Structures are given as C-alpha cells and as structure tokens.
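Worksheet: one structure, shown below.
On a predicted model such as this, the values are computed, not experimentally measured, just so you know.
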Amino acid sequence: MALTSNFIPSNDIFFSRCLLIQVESKEKDKYQKEGFQQLKDLERGGLACVTVEILRHRKLIQENYSSAFKVLSKRIESSFKNEVIPERLFSNMVQTMTSAFILCQKGVISLGESTDEEDILEEFSEMAVGYIRKQYQIQDETSILSEFFSTLQILFEDYKLNEGVHFRFDGDHLLLRLPSIYPIFKQKYRNIYYKDSPDKDSIIQEILKLESPREMKEIIKTIRFREENDGNENAMKNSVTNSLSITYSVYSSKFGLDFTNRAVKF
C-alpha cells in the first residue's frame, strides 16, 4: 500500500507500518528536474512497465536477497547503538531497499557516482538512517517544537530564511528574529498541516523549558539583525525586540535542525 498525504497518522500502530518519505517544497536543481522528467516519461507507460523491467532481474534478486538483507540490516542497525528504535521501522525500510541495493551492487542500476560495493552500502545506509530517525522522532514526539523546527528547516532550505536577516550565529547560540520568522512560519505551517499553527507564546514557553536552566532574559532579548535589502552582510543595524537566543546543538540533535548546509540556489 502506498500512502500519500500531508497528514501524519495519529495512530502509532498504523504509522509504524508506513514509510515516511518527506516531500519538501523547495527549489529544484537541473538534475532533479531532469530526473523528474524521466519519471514523468515512465509514468506514461504505467507502473506495469517498471514491474516488467524488475521481473527481468527476479532470479538475481532471489539469489542475493537473503545475504543482502542481512548486510544492509546490520549496517543500518549499527547506526542506532544505545538507541531504542522499534524493530518494525528497520524491517520496513530494509525490505523496501534490499532489491534496489542488490541491483546497484550488481551494476544493473546506478543511484550514485560510485560503483564500489562498500560505498553503495554506505549510501543506502545513510538514506535509511535519515528516514528511520525522522519517522521515529515524529512518532515519539509530535510536539509544538518538533513541528516548529521541522517547518523552519523547510523554510531555510527554500531560502525563505536567510542568515543575517532572519537568524545568525553567536558562538554556541542560534539567534532567531522571531517577530519576522513567525508570520512566515505560520503560513508555511498551514500549507503543510492544513490547520492553524501553534501560537507564538506556546512556542516560546516550550523553548524556555528546553533551555532550562538558562534564564528568560538570556533567551528572550533584543538582538541586532541586518535589513533584508542591505547588501552589507556585517551591517547589523536593526535592533529587534523579542528575538530568541537558543542553544543550537540542542535543537540540531533533538530536531535535526541544520542551518549551515543547503543546496545551492540556481
């Protein structure tokens, strides 16, 4: 069964039987656009043409499935040492990826530049670990902050949040221009979840709890940012009240927040 939706199932039992593949609305590079066009070309022939092509390699997959499943499963599980992750999330992901993993290792298809078996194993493992960890985080903690920071991550990758204007770094702290960020977040949240976003005060209260034992005055304060149309990246002339100073590493590890890497905008 394929489930496509902007809604996350509220039933944990049902959700654990799904594969979470997040589709984020962001600028696509030329290679992604070319890949999408190839998928559209395949679509005209229907799913049957893909099935027929896979069936041509049925014997190869059958002969290698058991060993490939064990190798891929072992590598993925090794990335979750000392973490309690439901077995079903591993099993779902490995079963889904094993056939493609075999075809890649045998040179039938290519999903990357490398043809080295160890590199292919590592690439599949990294993809699986990212999806499993994200699904478990959502299942384990669908909270105000998880939704807030996952939405900010999408806005960052869409170039809707820019360093100096909406956020900047100060040592170990991430400084957020909340009065400017919140309206953008609010609109994006509704587009994703089809419901009203959490109010600003609720978000702030959750951040204060997570930042404890730091004092409120250390977190909520007036911070200088750059004006959007000011080309001088060092000109932090605009003092913005009710901005936030948060501990970046906490949100990076807990919610996967990454405000340092994003695809180049063409």
Side-chain angles (χ1 to χ4, degrees), residues 22 24-27 83 126 129-131 133-138 140-193 196-265:
Q22 288 187 307
E24 298 170 354
S25 176
K26 59 183 179 180
E27 192 76 21
E83 296 182 59
E126 285 183 2
V129 168
Y131 286 130
R133 180 164 279 123
K134 186 64 177 179
Q135 182 163 354
Y136 179 66
Q137 286 175 343
I138 292 173
D140 186 55
E141 184 181 3
T142 303
S143 66
I144 289 175
L145 289 189
S146 66
E147 292 179 342
F148 178 66
F149 284 106
S150 64
T151 305
L152 292 197
Q153 185 66 44
I154 294 172
L155 290 170
F156 169 76
E157 292 174 2
D158 279 351
Y159 282 82
K160 297 296 191 297
L161 300 182
N162 297 300
E163 189 167 2
V165 178
H166 299 101
F167 71 92
R168 63 185 179 90
F169 291 94
D170 181 21
D172 296 333
H173 295 124
L174 174 65
L175 311 181
L176 297 175
R177 188 176 186 167
L178 190 60
S180 296
I181 289 175
Y182 183 74
I184 307 172
F185 157 77
K186 189 175 180 179
Q187 181 178 1
K188 188 66 174 179
Y189 184 94
R190 173 168 280 281
N191 291 341
I192 296 172
Y193 297 103
D196 290 335
S197 67
D199 62 84
K200 191 188 300 182
D201 288 339
S202 296
I203 294 170
I204 291 173
Q205 289 305 312
E206 291 299 313
I207 287 175
L208 290 174
K209 291 178 188 176
L210 196 55
E211 287 289 330
S212 179
R214 293 179 71 204
E215 295 183 9
M216 183 186 296
K217 64 181 180 181
E218 297 178 86
I219 302 165
I220 307 173
K221 56 185 181 179
T222 299
I223 301 173
R224 288 184 175 274
F225 291 94
R226 176 168 57 87
E227 284 300 326
E228 189 165 2
N229 297 322
D230 192 336
N232 185 356
E233 295 185 358
N234 297 316
M236 304 296 171
K237 299 177 181 178
N238 197 359
S239 297
V240 184
T241 58
N242 296 316
S243 294
L244 299 177
S245 169
I246 63 175
T247 308
Y248 181 66
S249 60
V250 171
Y251 302 86
S252 178
S253 61
K254 194 172 183 65
F255 304 111
L257 188 68
D258 183 358
F259 272 16
T260 59
N261 299 291
R262 59 181 164 188
V264 176
K265 188 176 182 180

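Across Pro183 and Ser180, no two heavy atoms sit closer than the pair CD-O, 3.4 Å. Smallest separation of non-hydrogen atoms from Pro198 and Ile144: CB-CG2, 3.9 Å. When all heavy atoms of Glu147 and Phe185 are compared, the pair lying nearest together is O-CE1, 4.2 Å. For the residue pair Val250 and Ser253, the shortest heavy atom distance occurs at O-OG, 3.2 Å.
Here the side chain of Glu211 pairs a donor or acceptor atom with the backbone of Thr247 at under 3.5 angstrom. The closest donor-acceptor contact from the side chain of Ser150 to the backbone of Ser146 lies under 3.5 Å. Using a distance-only test at 3.5 Å, with no hydrogens or angles considered, no donor-acceptor pair links the side chain of Arg168 to the main chain of Arg177. Between the side chain of Ser252 and the main chain of Leu257, a donor-acceptor pair closer than 3.5 Å is present.
Separation of atoms CZ (Arg214) and CD1 (Ile207) is listed at 10.5 Å; rounding is to 0.5 Å. For the atom pair CD1 of Ile246 and CD1 of Ile219, the computed distance is 9.5 Å after rounding to the nearest 0.5 Å. Here the straight-line distance linking atom CD of Glu206 with atom CG of Leu145 works out to 5.5 Å at 0.5 Å rounding. Of the inter-residue distances, the one linking Ser249 atom OG with Leu174 atom CG reads 10.5 Å to the nearest 0.5 angstrom. Distance check: Ile192 CD1 to Ser197 OG gives 11.0 Å after rounding to the nearest 0.5 Å. Rounded to the nearest 0.5 Å, atoms CG (Leu244) and NE2 (His173) are 12.0 Å apart.
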* **Chi angles and distances behind the side chain to side chain contact (heavy atoms under 4.5 Å, CB included) call for Phe156, Asp258** => CA-CA 9 Å; Phe156 169 76; Asp258 183 358; 5.5 Å; no
* Step by step, work out the side chain to side chain contact (heavy atoms under 4.5 Å, CB included) result for Asp158 and Lys188. => CA-CA 11 Å; Asp158 279 351; Lys188 188 66 174 179; 3.7 Å; yes
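Looking at heavy atoms from C-beta onward, Ile223 lies out of side-chain contact with Asp170 at the 4.5 angstrom threshold. Residues Leu155 and His166 form no side-chain contact, since every pair of their non-hydrogen atoms from C-beta on lies 4.5 Å or further apart. Ile220 is listed as a side-chain neighbour of Leu208, based on a closest heavy-atom distance under 4.5 Å. In this structure the side chain of Leu175 never reaches within 4.5 angstrom of the side chain of Phe169, judged on heavy atoms. Residues Phe255 and Leu152 fail the side-chain proximity criterion, which asks for heavy atoms closer than 4.5 Å.
The neighbour count for Gln187 CD, taken as heavy atoms of other residues, nucleotides or ligands under 6.0 Å away, does not exceed 12. The environment of Lys200 atom NZ is dense: over 12 non-hydrogen atoms of other residues, nucleotides or ligands sit within 6.0 angstrom. For Asp172, the CG atom sits in a loose shell: 12 or fewer heavy atoms of surrounding residues, nucleotides or ligands are nearer than 6.0 Å.
A donor atom on one side chain and an acceptor atom on the other are not found under 3.5 Å apart for Glu218 and Ser245.
Test Phe259, Phe225, Tyr182 against Leu176 for side-chain contact (heavy atoms from CB on, under 4.5 Å) and you get one pass: Phe259.
Note on ring orientation: taking the six-membered ring where Trp is involved, the planes of Tyr251 and Phe149 are tilted (angle from 30° to 60°).
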